[in-house]
Novice: 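To start, I am sharing the structure in question, which I have written as structure tokens.
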Amino acid sequence: MSDLLRSAAIRRIESAATAALPPGTLMARAADAVVDATTTVARSLEAGRPIVAWVGPGNNGGDALLAALRLREYGFAVRAIALDARRTPGGDAGEIWRLAHGRGLPIEDAAAWEALLSHVPDRCDAALAPILIDGLFGIGLQRPLGPGIGALCERIAQRRWPVVAVDVPSGIDADTGARVGAHAVSACVTVTMIADKPGLHTGAALDHAGVVRIAELDIDDGQRRAALDGVTPADRGRIFDRGPLFDRERAVAAALPRRANDTSKGSFGSVLCYGGAPGMRGAALLAASGAQAIGVGRIYVGTPQGELFDPGQPQWMSAASDVAFGRFDAIAIGCGLGDGADARAAVRRAIEQAHGLVVDADALNAIAADETLADALAARGTAGAANGRSTAAEPRGVGEAALRCIVTPHPLEAARLLQVDVPHVQSDRIRAACALAAKLRCVALLKGAGSVVATPEGRWSIIDAGSPALASAGTGDVLAGACAALLARGLDAERAACLGAWLHGAAGQAWAHEYRTEDGLSAAELHEWMRRAGADLRSAEDSR
């Protein structure tokens, strides 16, 4: 599980390392990393492709230009095109510009792009299409790309020229993953310097960053740790991926231990999936399928309109409309719940009575519409925190005030809860998730491209799994049930949200890989792919 650092934390490390190293050292190491990535791309393509370095005015431009010089030494045909070839930058980047002039590599003006695009038409021999090194702007970008650069980015993307981005694709905010304006470079590989960055793993960035390679630049670990002392949780998160499930938290072994031979269904928790109003009955049943995939001991389904039964799943028990929510280890409420008075009353009872709670869909809308429900949920979370049990799993029947809770909004639901619009949420998904967690005093799982999990204390993680195939009705219901099952099996809310979202995303990826498309995934089959994702983790664990 690697750290994700925002720009403020990156700059602290960079400043400390720069002060301790000879001038130009970090730039030389960064250039080496770009050279390595570019040659890897070149080896995967037709021989003889030229390379064009797109040189910006700062250190990113220096990295790209120095990489170009070294690639020319390796025998590549190289050009360098700058935003403004007349203005030599200062600092280490300026030294590289002077080196390029001294070694006979001309730095061409931006007008050279038109000649290049004319020389390499839309339909051409692939060997003529260059590999681009994007060294325009790095983490310091504060304004949108100009209209001319934006149009050029679009033309390059349409031609599908391979791009290696230096640090972050130009036009992408390294902290948020949002586009800074209407346009951004689309890279096949991003070589990010010093540490991984949240803005490469969520939001619009997922369509621009390509494969992310981390170049730590051989910075001393002691310097790195010292520089990070005092960094706030807002500037330091983590990526939740396949690696940490084994290497750091051993999440599979700890969360879903092997079943002992001498055991029963009562050892694996109980979940109630409550929702399914007329016309939406399937939503609660889909949530139950997600709980089934996790291996919870007993599953109940219920609705405010009366008992709910699926003859295709006779093992799922029906719950009465006025069921006591405190009977269950965890509840998933909201999937197809509706928006009537009985639905809102059910949400209130669940908040008051539940031990473990996943709030989704219509239950989120009820909370957004009724501030007293939001206050009640926050009060349960605050009471649990006061008892020292805000996120920790506890024995059943102990600590009635403590509530392990996850809210699972998509961006529109998050916008309603925060009383903002969707673009505001998407402009900084981490900030939005943290604001939700703080407001409701529970774990927030903000769904979407690069799902974000945040806690009331300000910790945050980005889930490194997912697929556009999951943009299909009902898949969120399956996720809600899976998260409830993980709560019922004893996980704290933060880990249940992370692991549930990872299994859900990995299932979508596996389905898309199997069928070689991202169209047509049915939520009704998703639970089986989640079960397979869990089995794959177990197999990997067994092979270690």
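For clarity, every value in this text was computed on a predicted model and none was experimentally measured.
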Novice: Any chance you could lay out the side chain to side chain contact (heavy atoms under 4.5 Å, CB included) test for Asp173 and Arg179, step after step, and finish with the verdict?
Specialist: CA-CA 6 Å; Asp173 189 307; Arg179 281 188 291 268; over 6 Å; no
Novice: Testing the basics here: between Leu145 and Ile149, what is the closest heavy-atom pair and its distance to 0.1 Å?
Specialist: CD1-CG2, 4.1 Å
Novice: Which residue pairs satisfy the side chain to side chain donor-acceptor pair (under 3.5 Å) criterion with at least one member in residues 187-200, sequence neighbours excluded?
Specialist: Asp167-Thr192, Asp167-Lys197, Thr192-Lys197, Asp196-His201
Novice: Any donor and acceptor pair, going by atom type alone, linking the side chain of Trp511 with main-chain N or O of Ala506 inside 3.5 Å?
Specialist: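 No, the answer is negative, given that no donor and acceptor are paired below the 3.5 Å cut-off.
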Novice: Ile462 versus Leu4: any side-chain heavy-atom pair under 4.5 Å?
Specialist: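 Side chain of Ile462 against side chain of Leu4, heavy atoms only: contact under 4.5 Å found.
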Novice: Got a second to check how far Glu514's CD is from Leu521's CG, nearest 0.5 Å?
Specialist: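 So the CD of Glu514 and the CG of Leu521 are separated by 12.5 Å.
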Novice: For a 4.5 angstrom cut-off between non-hydrogen side-chain atoms, does Met530 reach Gln292?
Specialist: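 Met530 vs Gln292: side chains apart.
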Novice: Measure the spacing between CD of Glu216 and OG of Ser2 and express it to the nearest 0.5 Å.
Specialist: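 Interatomic distance, Glu216 CD to Ser2 OG, rounded to 0.5 Å: 9.0 Å.
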Novice: Just so I know, are the side chains of Val185 and Phe137 near enough to count as touching, which here means a heavy-atom distance under 4.5 Å?
Specialist: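 Result no, sub-4.5 Å side-chain heavy-atom pair not found.
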Novice: Could you give me the CA-CA distance, side-chain angles and deciding distance for Glu525 and Arg532, then say whether salt bridge (charged side-chain N to carboxylate O under 4.0 Å, His left out) is met?
Specialist: CA-CA 11 Å; Glu525 60 183 314; Arg532 293 186 192 184; over 6 Å; no
Novice: Are Ile333 and Leu357 packed together at the side-chain level, in the sense that at least one heavy-atom pair is separated by less than 4.5 angstrom?
Specialist: yes
Novice: Could you check Ile139 against Ile10 for side chain to side chain contact (heavy atoms under 4.5 Å, CB included), going step by step and ending with a plain yes or no?
Specialist: CA-CA 9 Å; Ile139 62 176; Ile10 293 288; 3.9 Å; yes
Novice: CD1/Ile430 to CG/Asp175 distance, rounded to the nearest 0.5 angstrom?
Specialist: 8.0 Å
Novice: With distance as the sole test, does Asp362 use its side chain to make a donor-acceptor pair with the main-chain N or O of Gly338 at under 3.5 Å?
Specialist: yes
Novice: Could you grab the distance from atom CG of Asp477 to atom NE2 of His527, nearest 0.5 Å is fine?
Specialist: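 Result: 14.0 Å between the selected atoms.
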Novice: Should Arg12 and Asp235 be marked as a salt bridge (charged side-chain N to carboxylate O under 4.0 Å, His left out) after you check the CA-CA gap, both sets of side-chain angles, and the distance that decides it?
Specialist: CA-CA 11 Å; Arg12 289 171 66 109; Asp235 286 331; over 6 Å; no
Novice: Kindly say whether Ser15 contributes a backbone atom to a donor-acceptor pair with the side chain of Thr18 at under 3.5 angstrom?
Specialist: no
Novice: Under the 3.5 angstrom rule, does the side chain of Thr475 hit a backbone N or O of Ala523 as a donor-acceptor pair?
Specialist: no
Novice: May I ask you to test the His183-Pro144 pair for a side-chain heavy-atom distance under 4.5 Å?
Specialist: no
Novice: Taking side chain as C-beta onward, heavy atoms only, is Arg238 less than 4.5 Å from Phe240?
Specialist: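 Arg238 reaches Phe240 side chain to side chain.
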Novice: Taking Thr25 for its side chain and Leu21 for its backbone only, find out whether a donor-acceptor pair lies under 3.5 Å.
Specialist: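 Side chain of Thr25 to backbone of Leu21, a donor-acceptor pair under 3.5 Å: no, none is there.
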Novice: Roughly how far, to the nearest 0.5 Å, is CD of Glu494 from SG of Cys442?
Specialist: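 With rounding to 0.5 Å, SG (Cys442) is 12.5 Å from CD (Glu494).
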Novice: Does the side chain of Val407 reach to within under 4.5 Å of the side chain of Leu377, using non-hydrogen atoms?
Specialist: yes
Novice: Taking all non-hydrogen atoms of both residues, which atom of Val41 and which atom of Cys188 are closest, and how far apart?
Specialist: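 Nearest pair, atom of Val41 first, then Cys188: CG2-SG, 4.3 Å.
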Novice: Show your reasoning for whether side chain to side chain contact (heavy atoms under 4.5 Å, CB included) applies to Trp54 and Leu152.
Specialist: CA-CA 12 Å; Trp54 202 355; Leu152 185 55; 3.4 Å; yes
Novice: Tabulate below the donor-acceptor pairs under 3.5 Å that side-chain atoms of residues 447-454 make, not counting sequence neighbours, or state none.
Specialist:
{"residue": "Lys447", "atom": "NZ", "partner": "Asp360", "partner atom": "OD1", "Å": "3.3"}
{"residue": "Lys447", "atom": "NZ", "partner": "Thr408", "partner atom": "O", "Å": "3.2"}
{"residue": "Ser451", "atom": "OG", "partner": "Gly448", "partner atom": "N", "Å": "3.4"}
{"residue": "Ser451", "atom": "OG", "partner": "Gly448", "partner atom": "O", "Å": "3.2"}

Novice: Would the number of heavy atoms belonging to other residues, nucleotides or ligands and lying under 6.0 Å from CG of Asp339 be above 12?
Specialist: no
Novice: Is the backbone of Ser467 close enough, under 3.5 Å, to the side chain of Gln509 for a donor and an acceptor to pair up by distance?
Specialist: no
Novice: What I'd like to find out is whether the side chain of His504 reaches to under 4.5 Å of the side chain of Leu470, using heavy atoms alone.
Specialist: yes
Novice: Taking Arg441 for its side chain and Gly381 for its backbone only, find out whether a donor-acceptor pair lies under 3.5 Å.
Specialist: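 Such a contact is absent between Arg441 side chain and Gly381 backbone.
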Novice: Just do the side chain to side chain contact (heavy atoms under 4.5 Å, CB included) check on Gln353 and Arg380 with the steps written out, would you?
Specialist: CA-CA 10 Å; Gln353 300 173 14; Arg380 284 292 309 271; 5.8 Å; no
Novice: Please enumerate all residues that pass side chain to side chain contact (heavy atoms under 4.5 Å, CB included) together with Ala287, with sequence neighbours excluded.
Specialist: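 Listed in chain order: Cys273, Cys335.
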Novice: Main chain of Gly62, side chain of Asn59: is a donor-acceptor contact present, judged purely on distance under 3.5 Å?
Specialist: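 Side chain of Asn59 to backbone of Gly62: no pair is present.
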Novice: Have a look at Asp370 and tell me which of Arg348, Arg416, Arg344 forms a salt bridge (Lys or Arg N to Asp or Glu O under 4.0 Å) with it.
Specialist: Arg348
Novice: When you measure from the side chain of Glu413 to the backbone of His410, do you find a donor-acceptor pair of N or O atoms at a distance under 3.5 Å?
Specialist: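 Side chain of Glu413 to backbone of His410: a pair is present.
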Novice: Could you check whether any side-chain N or O of Arg404 sits under 3.5 Å from a backbone N or O of Val443, counting only pairs where one atom can act as donor and the other as acceptor?
Specialist: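 Absent.
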Novice: If every non-hydrogen atom of Ile406 is compared with every non-hydrogen atom of Ala497, which pair is closest and at what distance?
Specialist: CD1-N, 3.8 Å
Novice: Might you work through the salt bridge (charged side-chain N to carboxylate O under 4.0 Å, His left out) test for Arg236 and Asp3, ending with a clear yes or no?
Specialist: CA-CA 7 Å; Arg236 185 177 187 177; Asp3 282 343; 2.8 Å; yes
Novice: For the CG atom of Leu5 and the CD1 atom of Ile194, what is their distance to the nearest 0.5 Å?
Specialist: 9.5 Å
Novice: By the definition side chain to side chain contact (heavy atoms under 4.5 Å, CB included), identify the one residue from Asp134, Asp63, Asp36, Val164 that meets it with Val191.
Specialist: Val164
Novice: What heavy-atom pair brings Ala330 and Ala484 nearest, and what distance separates the two atoms?
Specialist: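 Scanning both residues, the minimum pair turns out to be CB-O, 3.2 Å.
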Novice: Minimum heavy-atom separation for Arg429 to Pro411, with atom names?
Specialist: NH1-CG, 4.0 Å
Novice: For residues Gly269 and Val296, report the shortest heavy-atom separation together with the two atoms involved.
Specialist: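 Here Gly269 and Val296 meet closest at O-CG2, 3.4 Å.
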